[in-house]
Amino acid sequence: MDQRVNKPNNQFMNYWMVKTEPSSYSWEDLLSKKEEIWDGVRNYQARNFLKEMKLGDPVLVYHSGKDRAVVGLAEVSEEAFPDPKDADWVAVRLKAKSSLPKSVSLQAIKEEDRLSEMLMLRQSRLSVMSVTQAEFELLMRLSK
DNA sequence: GCCAACGTTGGC
DNA sequence: GCCAACGTTGGC
């Protein structure tokens, strides 16, 4: 089933999640910088997702490591372009939107049946992944 | 600190 | 093309 939804301008909108290890780059870093090139992704599946990202798509930011929680909401502010460090790969630009009022922990995600199919659970090592509209909306509700 | 799950590399 | 060895990620 196609989980995408029409935007007013008739383009498809997708929902995404990116993982980051806060000790190397945190949500707070993105918040204070407002915008950042999201590069360094060296996995083919993740690269394919980066290439599918469209301007304005919502992007959830997840902290791996000690935090293990979805902490912030960003959006795609520039679609895929060659990774400045290695043109065989791609990067996007992300713009911080808002911190989640309440972060959603990995544990909370695991305890929620309706999130049991999430890619982040099925493929725990993937650092860029798609999120269905239903999953996105439920996560946003859990963050309030 | 350990380990499972992957992904990559290199010998054959 | 197979597979063992190795490196990395990320949860526990």
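Every heavy atom of this structure was used, including side-chain atoms; hydrogens, water molecules and symmetry mates were not. Reminder, nothing fancy here: chain letters follow the sequence lines and each chain counts from 1.
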Under 3.5 Å, which donor-acceptor pairs link side chains of residues 103-111 of chain A to any protein atom two or more places apart or in another chain?
residue	atom	partner	partner atom	Å
Ser105(A)	OG	Ala108(A)	N	3.0
Gln107(A)	NE2	Glu111(A)	OE2	3.1

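- Listed by first and then second residue, the salt bridge (Lys or Arg N to Asp or Glu O under 4.0 Å) pairs that reach into residues 121-130 of chain A are Glu117(A)-Arg122(A), sequence neighbours excluded.
- Counting only residues at least two apart or in different chains, salt bridge (Lys or Arg N to Asp or Glu O under 4.0 Å) contacts with residues 128-138 of chain A are absent.
- The salt bridge (charged side-chain N to carboxylate O under 4.0 Å, His left out) test applied to Lys51(A) returns no partner, not counting sequence neighbours.
- Here Tyr62(A) reaches the OP1 or OP2 of dG11(C): one of its side-chain N or O atoms lies under 4.0 Å away.
- Contacts between residues 106-116 of chain A and DNA chain C, counted as heavy-atom distances below 4.0 Å, involve Leu106(A), Lys110(A).
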**Asked** What does nucleotides 2-8 of chain B look like as a protein-contact string, B for base, S for sugar-phosphate only, - for none, at under 4.0 angstrom between heavy atoms?
**Response** ---BBSS
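- For the salt bridge (Lys or Arg N to Asp or Glu O under 4.0 Å) condition, no pair includes a residue of residues 20-31 of chain A, sequence neighbours left out.
- Under the salt bridge (Lys or Arg N to Asp or Glu O under 4.0 Å) criterion, the residue pairs touching residues 80-94 of chain A are Asp39(A)-Lys85(A), Arg42(A)-Asp83(A), Glu78(A)-Arg93(A), with sequence neighbours excluded.
- Taking atom NE2 on His63(A) and atom C1' on dG10(C), their separation rounds to 14 Å, with Å as the unit.
- Side-chain contact check for Ser99(A) and Trp27(A): at least one donor-acceptor pair (N or O, by modelled atom type) lies under 3.5 Å.
- With sequence neighbours left out, Tyr62(A) forms a ring pair (Phe, Tyr, Trp, His ring centres under 6.0 Å) with no residue at all.
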